[in-house]
**Q** 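Here it is: the structure, laid out below.
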Amino acid sequence: LDPRRIGFLSLKKISGSYDWGHANSVSYDEEQDSILVSLRAQDAIVSFDKTAGTLNYILGNHSNWDSNLQNYLLNPVGEVDWPYGQHDIQPLGQNRYSLFDNGNYRASPFSVVTEDIITEATYSRSVVYEVDPLDRTISTLFEFRPDPVIFARAVGSTQVLPETGNMLSNFGVLTEVSDSTVKSAKIIETSGSDLSEVVSTISVSNSISDWGVRVYRAWKLPVDYRIL
């Protein structure tokens, strides 16, 4: 990869040092025999061959990549919103992948040519992509974006439930765009043909800590009522 490429999050210091990549999840894609790594500070997911260690593709916006990496970028089919500051990339089979898109800034340095003021708080969502690794294309299958908009500046996860096909979206550090002082976590299960119908919501808050509540990952586990 290109260690000179920057994103807005790579310009922030963590514990006194810059964090170029901030890898926050690693998953094994058994069908492709590949490793998927989420690089939050680069607003990108990279896939590389498990055995050879060679790069397969880069899932992310096309701004500021070195010329020798351009051919590895996935090209959108239809309308595709790129992830920014994402977490929790997970293979679902049949070249489908879920992730939690935090949405920090939703822009890249040097790519903004308007007079708009770029702010970190935008919107967060869960999303399922479909990737063609041979043609290096990507399309959006489903997304869940709450209404009204909420923004989880850090952490979060997405789980597609194998029993029902429902989606569990964990907005792990939730800051409502309309009120930047609210810090809580919200876990929402959705269903329906486009996974946008809300089934249930769990909200957790803490007014004591400056950070409020942080839920790094959330999973819905099957319950065997025979042992209760």
**Q** With a 4.5 Å cut-off on side-chain heavy atoms, are Val131 and Leu74 touching?
**A**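 Yes - at least one pair of side-chain heavy atoms lies under 4.5 Å apart.
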**Q** Are the side chains of Val155 and Val215 in touch, meaning some heavy atoms are under 4.5 Å apart?
**A**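 No, too far: nothing below the 4.5 Å cut-off.
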**Q** Extract all donor-acceptor atom pairs below 3.5 Å that involve side chains of residues 3-18 and protein atoms in other chains or at least two apart in sequence.
**A**
residue : atom : partner : partner atom : Å
Arg4    : NE   : Asp2    : OD1          : 3.4
Arg5    : NE   : Ser63   : O            : 3.0
Arg5    : NH1  : Gln42   : O            : 2.9
Arg5    : NH1  : Gln42   : OE1          : 2.9
Arg5    : NH2  : Asn61   : OD1          : 3.3
Arg5    : NH2  : Ser63   : O            : 2.8
Ser10   : OG   : Gly7    : N            : 2.8
Ser10   : OG   : Gly7    : O            : 2.8
Lys12   : NZ   : Tyr105  : OH           : 3.3
Lys12   : NZ   : Glu120  : OE1          : 3.0

**Q** Same cluster or not: Val46 versus Ile89, using hydrophobic residues (I, L, V, M, F, W, Y) connected whenever any side-chain heavy atoms lie under 4.5 Å apart?
**A**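 Different clusters.
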**Q** Are Val80 and Tyr129 side-chain neighbours, meaning at least one heavy-atom pair lies under 4.5 Å?
**A**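 Yes, close enough: below the 4.5 Å cut-off.
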**Q** Could you tell me whether the side chain of Glu189 and the main chain of Asn166 form a donor-acceptor pair under 3.5 Å?
**A**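 Between the backbone of Asn166 and the side chain of Glu189 there is no qualifying donor-acceptor contact (under 3.5 Å).
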**Q** Hey, what do you get for OG (Ser27) to OH (Tyr97), rounding to the nearest 0.5 Å?
**A**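 Between atom OG of Ser27 and atom OH of Tyr97 there are 10.5 Å.
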**Q** For Asp19, enumerate each residue passing the side chain to side chain donor-acceptor pair (under 3.5 Å) test, keeping only those at least two apart in sequence or located in another chain.
**A**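 If we apply the side chain to side chain donor-acceptor pair (under 3.5 Å) test to Asp19, skipping adjacent residues, the hits are His22.
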**Q** Walk me through it: do Asp135 and Thr137 pass the test side chain to side chain donor-acceptor pair (under 3.5 Å)?
**A** CA-CA 6 Å; Asp135 290 342; Thr137 59; 5.4 Å; no
**Q** Would you give the length of the straight line joining atom CG of Leu69 to atom CG of Leu1, rounded to the nearest 0.5 angstrom?
**A**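 So the gap between those two atoms works out to 6.0 Å.
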**Q** Donor-acceptor pairs under 3.5 Å, side chain of residues 30-40 to any protein atom, not counting sequence neighbours: which ones?
**A**
residue : atom : partner : partner atom : Å
Glu31   : OE1  : Gln94   : N            : 2.8
Glu31   : OE2  : Gln94   : N            : 3.2
Gln32   : NE2  : Asn95   : OD1          : 2.9
Asp33   : OD1  : Tyr28   : OH           : 2.7
Ser38   : OG   : Asn24   : OD1          : 2.8
Ser38   : OG   : Gln86   : O            : 3.4
Ser38   : OG   : Gln86   : NE2          : 3.1
Arg40   : NH1  : Gly85   : O            : 2.6
Arg40   : NH1  : Asn104  : OD1          : 3.3
Arg40   : NH2  : Arg153  : O            : 2.8

**Q** Between Phe100 and Phe171 (judged by ring centroids, cut-off 6.0 Å), do the two rings come close enough to count as a pair?
**A**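 Judged by ring-centre distance (under 6.0 Å), Phe100 and Phe171 do meet the cut-off.
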**Q** Could you give the distance from CG (Leu168) to CZ (Arg217), rounded to the nearest 0.5 Å?
**A**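 Taking CG in Leu168 and CZ in Arg217, the distance rounds to 12.5 Å.
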**Q** Between Phe144 and Arg125, does the side chain to side chain contact (heavy atoms under 4.5 Å, CB included) criterion hold? Intermediate values first, please.
**A** CA-CA 5 Å; Phe144 172 62; Arg125 61 180 181 143; 6.0 Å; no
**Q** Test question: given the 4.5 Å side-chain rule for I, L, V, M, F, W and Y, name all other residues clustered with Val77, or answer none.
**A**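 Answer for Val77: none, a lone residue.
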**Q** Under 4.5 Å between side-chain heavy atoms, counting indirect links through other Ile/Leu/Val/Met/Phe/Trp/Tyr residues: same cluster for Trp219 and Ile187 or not?
**A**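 No, it is not one cluster - the side chains of Trp219 and Ile187 are not joined through contacts under 4.5 Å.
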**Q** Mind checking whether Leu141 and Val160 sit in one hydrophobic cluster, side chains of I, L, V, M, F, W, Y counted as touching below 4.5 Å?
**A**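 Yes, because Leu141 and Val160 connect within a single hydrophobic cluster, where side-chain heavy atoms sit under 4.5 Å apart.
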**Q** Decide yes or no on side chain to side chain donor-acceptor pair (under 3.5 Å) for Ser184 and Ser205, but give the supporting numbers first.
**A** CA-CA 4 Å; Ser184 59; Ser205 62; over 6 Å; no
**Q** Which residues pass the side chain to side chain donor-acceptor pair (under 3.5 Å) test with Gln90, not counting sequence neighbours?
**A**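 Checked Gln90 against side chain to side chain donor-acceptor pair (under 3.5 Å); matches are Asp88.
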**Q** Hey, any chance Leu195 and Leu99 share a hydrophobic cluster, counting ILVMFWY side chains that come within less than 4.5 Å of each other, even indirectly?
**A**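 Leu195 and Leu99: separate clusters.
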**Q** Rounded to the nearest 0.5 Å, what separation is found between the CD1 atom of Ile150 and the OG atom of Ser124?
**A**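 Interatomic distance, Ile150 CD1 to Ser124 OG, rounded to 0.5 Å: 7.0 Å.
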**Q** Does NZ or CZ of Arg145 lie under 6.0 Å from the centre of the six-membered ring of Tyr123, at an angle within 45° of the ring axis?
**A**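 Relative to the ring axis of Tyr123, which defines the angle, Arg145 lies inside both limits.
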**Q** Give the minimum heavy-atom separation between Asn64 and Ser108, together with the two atoms involved.
**A**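 Residues Asn64 and Ser108, closest heavy atoms: ND2-CB, 3.9 Å.
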**Q** Give a yes or no on whether Val128 and Ile188 share a hydrophobic cluster (residues Ile, Leu, Val, Met, Phe, Trp, Tyr; joining criterion: side-chain heavy atoms under 4.5 Å apart).
**A**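 Yes; tracing contacts between hydrophobic side chains, which count when under 4.5 Å, links both residues.
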**Q** If I take atom CZ from residue Phe151 and atom CG from residue Asn102, how far apart are they, to the nearest 0.5 angstrom?
**A**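 Interatomic distance, Phe151 CZ to Asn102 CG, rounded to 0.5 Å: 7.0 Å.
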**Q** With a 4.5 Å limit on heavy-atom distance, are the side chains of Thr140 and Val127 in contact?
**A**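 A side-chain contact exists here, since the closest heavy-atom pair is under 4.5 Å.
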**Q** Sequence neighbours excluded, which residues qualify as side-chain contact (heavy atoms from CB on, under 4.5 Å) partners of Thr54?
**A**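 Result, side-chain contact (heavy atoms from CB on, under 4.5 Å) vs Thr54: Asp49, Ala52.
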**Q** Evaluate whether atom CD of Glu163 has more than 12 neighbouring non-hydrogen atoms of other residues, nucleotides or ligands under 6.0 angstrom away.
**A**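 Yes.
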**Q** Determine the minimum heavy-atom distance between Ser169 and Ser126, stating which atoms define it.
**A**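 Scanning both residues completely, I find the closest heavy atoms to be OG-OG, 2.7 Å.
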**Q** CG/Leu92 to CD/Gln159 distance, rounded to the nearest 0.5 angstrom?
**A**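 The CD atom of Gln159 is 10.5 Å from CG of Leu92, to the nearest 0.5 Å.
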**Q** Charged N to carboxylate O below 4.0 Å: is that the case for Asp101 and Arg106?
**A**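 Looking at Asp101 and Arg106, the cut-off is met.
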**Q** For Arg136 and Leu73, what are the C-alpha separation, side-chain angles and deciding distance, and is it a side chain to side chain contact (heavy atoms under 4.5 Å, CB included)?
**A** CA-CA 7 Å; Arg136 290 184 177 141; Leu73 296 169; over 6 Å; no
